[in-house]
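The first residue of the sequence shown is numbered 1, and numbering continues consecutively from there. As the structure is a computational prediction, the values presented were derived from the model and not from experiment.
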Amino acid sequence: QVQLVESGGGLARTGASLRLSCAASGYVNALYVMGWYRQSPGKQRELVATITRGETTNYADSVKDRFTISRDHSKEMIFLQMDSLRLEDTAVYYCNGRTYGATDYWGQGTQVTVSS
C-alpha cells in the first residue's frame with residue numbers, strides 16, 4: 001500500500017504562483033511514476049504533469065512553460081511549482097502514484113482557486 005498526502009493549495013490571483021507538495025509513504029519503492037492530475041467541476045480528471053524515478057517529465061500542453069514538476073527522492077516527495085496562474089487552472093489537484101504493476105494510488109486532493 002502507498003499513501004499520498006498533498007499540501008499547498010489555496011487561493012491565488014491570476015499571474016501569481018503556488019507550490020504543491022505530495023508526500024508518499026508506505027511501499028514507495030513500488031512506484032515508478034508519480035504525478036499531478038486535476039479535476040474541475042463538470043469535467044473529467046486530467047493529467048497535469050508526471051515524473052518518473054529517472055526524472056523524465058511529461059506535461060499537459062496547457063501547463064507547459066508555466067508549471068514545473070520535481071521530486072525529492074530522499075524525502076519521497078514530489079512538487080508542482082505553478083507560475084503564471086490562470087483562471088482555468090482552478091481545480092482540485094490530486095497527487096498520483098503508479099506502480100510497476102499499473103496500480104494507481106491517489107491523494108485526497110487539494111483545492112487551487114485562481115481569481116482575477
Rounded to the nearest 0.5 Å, what's the gap from [atom1] on [X] to [atom2] on [Y]? Could you check?
X	Y	atom1	atom2	answer
Q81	I69	CD	CD1	12.0 Å
Q111	T90	CD	OG1	7.5 Å
W36	C22	CH2	SG	5.0 Å
T68	R19	OG1	CZ	9.5 Å
Y94	Q108	OH	CD	9.0 Å
F79	S70	CZ	OG	6.0 Å

**Study point:** Reference residue T52; test side-chain contact (heavy atoms from CB on, under 4.5 Å); the match among V33, N58, T57
**Key:** V33
Review point. Which atom pair, heavy atoms only, marks the closest approach of L80 to A49?
Key: CD1-CB, 4.3 Å
Exercise for review: Locate the shortest heavy-atom distance separating S84 from S17; write the atom from each residue and the value.
Suggested key: N-OG, 4.4 Å
Counting N and O atoms only, with roles assigned by atom type, does the side chain of [X] sit under 3.5 Å from a partner on the main chain of [Y], one being a donor and the other an acceptor?
X	Y	answer
T14	V114	no
Y59	D65	no
E6	G109	yes
R13	S115	no
T110	G9	yes

Check your understanding: Do the ring centers of Y37 and W106 come within less than 6.0 Å of each other?
Key -> yes
Quick one: does [X]'s side chain get under 4.5 Å of [Y]'s, heavy atoms only?
X	Y	answer
Q1	Y105	yes
M82	Y93	yes
T56	I51	no

Between [Y] and [X], does any NZ, NE, NH1 or NH2 come within less than 4.0 Å of an OD or OE carboxylate oxygen?
X	Y	result
E46	R38	yes
D89	R86	no
D104	R98	yes

Practice item. Mind running side-chain contact (heavy atoms from CB on, under 4.5 Å) on L18 and V112 for me, showing each step along the way? Key: CA-CA 9 Å; L18 282 174; V112 171; 3.9 Å; yes
Taking atom [atom1] as the centre, does [X] end up with more than 12 heavy-atom neighbours from other residues, nucleotides or ligands that are less than 6.0 angstrom away?
X	atom1	result
Y27	OH	no
E55	CD	yes
E88	CD	yes

**Study point:** Stepwise side-chain contact (heavy atoms from CB on, under 4.5 Å) check, M34 with C95
**Key:** CA-CA 7 Å; M34 293 184 69; C95 180; 4.0 Å; yes
